[in-house]
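Counting from 1, the numbers follow the sequence of the chain as shown. In listed order, ligands and their atoms are each counted from 1. What you see is a predicted model, and the numbers here were worked out from it, not measured in a lab.
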Amino acid sequence: MSFKDLGLTDALLKAVTEKGYTTPSPIQEKAIPHILAGKDVLASAQTGTGKTAGFTLPVLQYLSETKHPKYRPLRALVLTPTRELAAQVYDNVREYSSYLNIHSAVVFGGVKAASQIATLKRGVDILVATPGRLLDLHDQKAVSFKRIDVLILDEADRMLDMGFQQALDDIISYMPEQRQTLLFSATYPVKIEKIAQRIMPVSY
Ligand code: AMP
């Protein structure tokens, strides 16, 4: 199985080749075709499995294929538990979108919001964020979730362990119900099962 066999376009294949990847990892082989088909995905994935490319590549492909020529509303959101993970995922998003006309950004707490607000104003297709700062920015009307097509929860179990349940519920409540949801979690405690049942009911 090659990345091309998974249905990825040339712009993404070029970026993947430049990263030095030759074959998809098992999670990439499984997840990429489902995500490209627009399905919800609930995946058990530890760090180091290649999960980031597993969701980033197909979501970037979707965004570039359905891009409006004029408008650039926020259409994909990746939520992560920590700023370190957010920065790491954002680096991947930037690398994989090198040959696409896609704008990305990252926002997390602990730094001033002003430059994040300015970036969001310029138009972002895909945003990587930690829940607390993202909610602050939403309260300040710096970002809207009304046009979100794809929601990705990365390391969902850690987000819940860190007390982000309420923030996640609030963020999700501002999104359209009609969307694709991708949930990645290393473990499956009951609270993950419950959140999955709530936010991706059809696929569950
Ligand atoms: P992740 O699990 O997403 O944190 O990825 C772990 C590491 O594997 C990262 O350094 C990636 O750059 C790398 N990686 C992801 N996919 C592949 C692949 N198909 N082949 C080789 N390395 C990969």
Listed partners of Arg158 passing side-chain hydrogen bond (donor to acceptor under 3.5 Å, both in side chains), at least two apart:
Glu155
State which residues pass salt bridge (charged side-chain N to carboxylate O under 4.0 Å, His left out) with Asp91; sequence neighbours excluded, sorted by chain then number.
none
Between the side chain of Glu29 and the main-chain N/O of Met1, is any donor-acceptor distance below 3.5 Å?
no
Of all residues at least two apart in sequence or in a different chain, which pass the salt bridge (charged side-chain N to carboxylate O under 4.0 Å, His left out) check with Lys19?
Glu95
Specify whether Phe55 and Phe184 have parallel, tilted or perpendicular ring planes, treating 30° as the upper limit for parallel and 60° as the lower limit for perpendicular.
tilted
Nearest atoms (heavy-atom pairs only) where His34 meets Val41
CB-CG2, 3.8 Å
Return the protein residues near ligand 1 (heavy atom under 4.0 Å from any of its atoms), ordered by chain and residue number.
Phe3, Tyr21, Thr23, Pro24, Ser25, Gln28, Thr47, Gly48, Thr49, Gly50, Lys51, Thr52
